[in-house]
Amino acid sequence: MSWGIQVNPTRSQVNETIDDHEYNLVNQTSWTDYSDNWPGDILVKRGPNSNQLIFTDEYRNAMASKGLHPLNIEHRYLHERYLTMNKYCNAPLTKTNDLYDVMGSYYRARVSDSAKLLQCALLKVASSTWMRVLRQLERLKEEKYPYPTLWYKLSLKYDINKPELTAMRYQTYTKFLIVRHPFSRLFSGYRDKFVVVSEYGDNFADQIVRVNYLSNMTNGLINQMRQELKRGGSKLTSGLSNDVIKQLRRLDARRSNFKITFLEFLNFIISPKHPNGFKGKDDHFRAANLVCNPCAVRYDIIAKYETLQNDSDLILEYLRIHHDHKVSFSISKSASSDSCNDAYKDIPLTVRRSLYEIYKDDFLVFGYEYREEGDNLC
């Protein structure tokens, strides 16, 4: 596959009416391309930890002064997303995480220097497909850079000792991320990691059982009880309830017979007994707002999984990337809105409300609607 790259296409000037406000895009500041020359100081700095970056107020002001990206001017729905993000981020009570942690959002940033493109690669949102696109842009051979070597090569972590280069990329490249309805992303992650038996699911299944059912027991006591049950039981296990015994035996079951239900998974996510859970420690389920930090970075383009093919085509066309065949960003049947809605209809409303509180910022900053009934739960 051959690629050709050219930046700065001409833009059309249109008038839009958005969110009950009149926006005359003709009079908006035109987007400034700083890809060849950044006029000013380095506004993204290394934090107190060498693995961290700090996005200063000056950086955010500079990003705002660039004006609207051409794609936001030419396409109303992208403009609406950009305005939604800014409205949320500029609200007085919004807390901005200025520190960009390498194990979170900084680690998730991937770049194509040839296309001058930077993506926050949110997991369970076409991250693998876009990684293949970036590999082609950088002309990285698959046999030399298999996954996960490719992930590391494309990530900013690869250049962690080059803070000036990293700062230049954030300040000058077209920055984008692809987001997804928070409930749909959770459902997709559950299916991928727990419905199909996998090493990943094995590693966390024990945690889910311990947190959901055995949180009042220490790990040492749990392991002792498991051994006693294997020997046929003893006085130590005689006082245990049938439910506790069931969960203890579950920890020793073959993984092919040890299925974590969707409700069990969600209860683990919202459990106050394990406050961080997956949402805090694992990027497959961590809130997108925490992973990609939009209020600090100020992305130029907000793409969505629900309009994945169209959004991706627009980005590639803007960069004037020509390829031998169309890149397909397919959405699997198992990830369809129908199957997702069916799954959440069986989840108690109290659980769904608790989930919303955890992912509330994602709903607000990316413009998703939370519903408690109907056919559009996710």
Side-chain angles (χ1 to χ4, degrees), residues 71 77-78 81-82 84-85 88 103-112 117-135 147-148 150-151 154-156 174-196 200 265 269 278-295 297 299-316 327-337 339-341 343-344 355 358-370 376-378:
L71 288 179
Y77 77 99
L78 291 178
R81 295 173 186 176
Y82 183 80
T84 298
M85 176 186 70
Y88 169 87
M103 293 310 292
S105 41
Y106 176 35
Y107 177 69
R108 289 297 163 196
R110 299 189 305 216
V111 297
S112 167
L117 186 68
L118 187 150
Q119 176 200 14
C120 180
L122 188 64
L123 295 178
K124 302 312 304 171
V125 193
S127 58
S128 297
T129 303
W130 259 99
M131 183 165 61
R132 291 192 292 270
V133 173
L134 294 177
R135 178 178 62 200
Y147 185 89
L150 178 62
W151 183 285
L154 292 171
S155 77
L156 291 184
T174 293
K175 301 180 294 295
F176 82 102
L177 77 161
I178 307 171
V179 296
R180 184 175 188 171
H181 190 291
F183 284 5
S184 175
R185 182 166 166 252
L186 275 176
F187 177 63
S188 176
Y190 164 76
R191 289 184 59 92
D192 186 42
K193 303 304 180 184
F194 295 99
V195 173
V196 179
Y200 179 96
F265 165 69
I269 292 288
F278 282 164
K279 72 179 186 293
K281 294 183 177 179
D282 190 282
D283 279 355
H284 287 89
F285 310 106
R286 196 177 181 207
N289 185 57
L290 297 176
V291 174
C292 293
N293 204 353
C295 292
V297 178
Y299 294 93
D300 301 304
I301 304 297
I302 307 296
K304 289 190 175 183
Y305 186 79
E306 294 79 5
T307 53
L308 178 62
Q309 185 69 60
N310 190 65
D311 295 354
S312 298
D313 287 344
L314 289 177
I315 293 171
L316 295 176
V327 180
S328 176
F329 296 88
S330 61
I331 298 178
S332 65
K333 184 178 180 180
S334 63
S336 68
S337 58
S339 58
C340 184
N341 281 320
Y344 277 98
L355 284 173
I358 291 173
Y359 295 95
K360 184 176 182 178
D361 287 337
D362 280 7
F363 279 91
L364 296 177
V365 72
F366 300 123
Y368 286 104
E369 183 179 358
Y370 168 67
N376 296 303
L377 301 179
C378 56

>> Could you go through Ile269 and Tyr190, starting from their C-alpha distance and side-chain angles, then the distance that decides it, and tell me whether this counts as side-chain contact (heavy atoms from CB on, under 4.5 Å)?
In response: CA-CA 11 Å; Ile269 292 288; Tyr190 164 76; over 6 Å; no
> Rounded to the nearest 0.5 Å, how far does CD of Gln119 lie from CZ of Arg110?
Replying inline: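 The CZ atom of Arg110 sits 5.0 Å away from the CD atom of Gln119.
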Donor-acceptor pair, distance only, cut-off 3.5 Å: does the side chain of [X] make one with the backbone of [Y]?
{"X": "Asp300", "Y": "Lys175", "answer": "yes"}
{"X": "Tyr299", "Y": "Cys120", "answer": "no"}
{"X": "Arg185", "Y": "Arg286", "answer": "yes"}
{"X": "Tyr344", "Y": "Phe183", "answer": "yes"}
{"X": "Asn289", "Y": "Asp362", "answer": "no"}

> Centroid-to-centroid, Phe265 to Phe187, below 6.0 Å?
Replying inline: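 Centroid distance Phe265-Phe187: not below 6.0 Å, so no.
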In the structure I gave you, are the side-chain heavy atoms of [X] and [Y] within less than 4.5 Å of one another anywhere?
{"X": "Leu122", "Y": "Ser127", "result": "no"}
{"X": "Leu314", "Y": "Leu78", "result": "yes"}
{"X": "Phe366", "Y": "Thr84", "result": "no"}

Testing the basics here: between [X] and [Y], what is the closest heavy-atom pair and its distance to 0.1 Å?
{"X": "Cys340", "Y": "Ser184", "result": "SG-CA, 3.7 Å"}
{"X": "Tyr359", "Y": "Phe285", "result": "OH-O, 2.7 Å"}
{"X": "Leu308", "Y": "Ala126", "result": "CD2-CB, 3.6 Å"}

> Knowing that exactly one of Arg81, Arg180, Lys304 qualifies, which makes a salt bridge (Lys or Arg N to Asp or Glu O under 4.0 Å) with Asp311?
Replying inline: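 In the set Arg81, Arg180, Lys304, the residue that makes a salt bridge (Lys or Arg N to Asp or Glu O under 4.0 Å) with Asp311 is Arg81.
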> Per the side-chain contact (heavy atoms from CB on, under 4.5 Å) rule, which among Val297, Val111, Leu177 passes with Leu118?
Replying inline: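 Going through the options one by one, the only one that passes is Val111.
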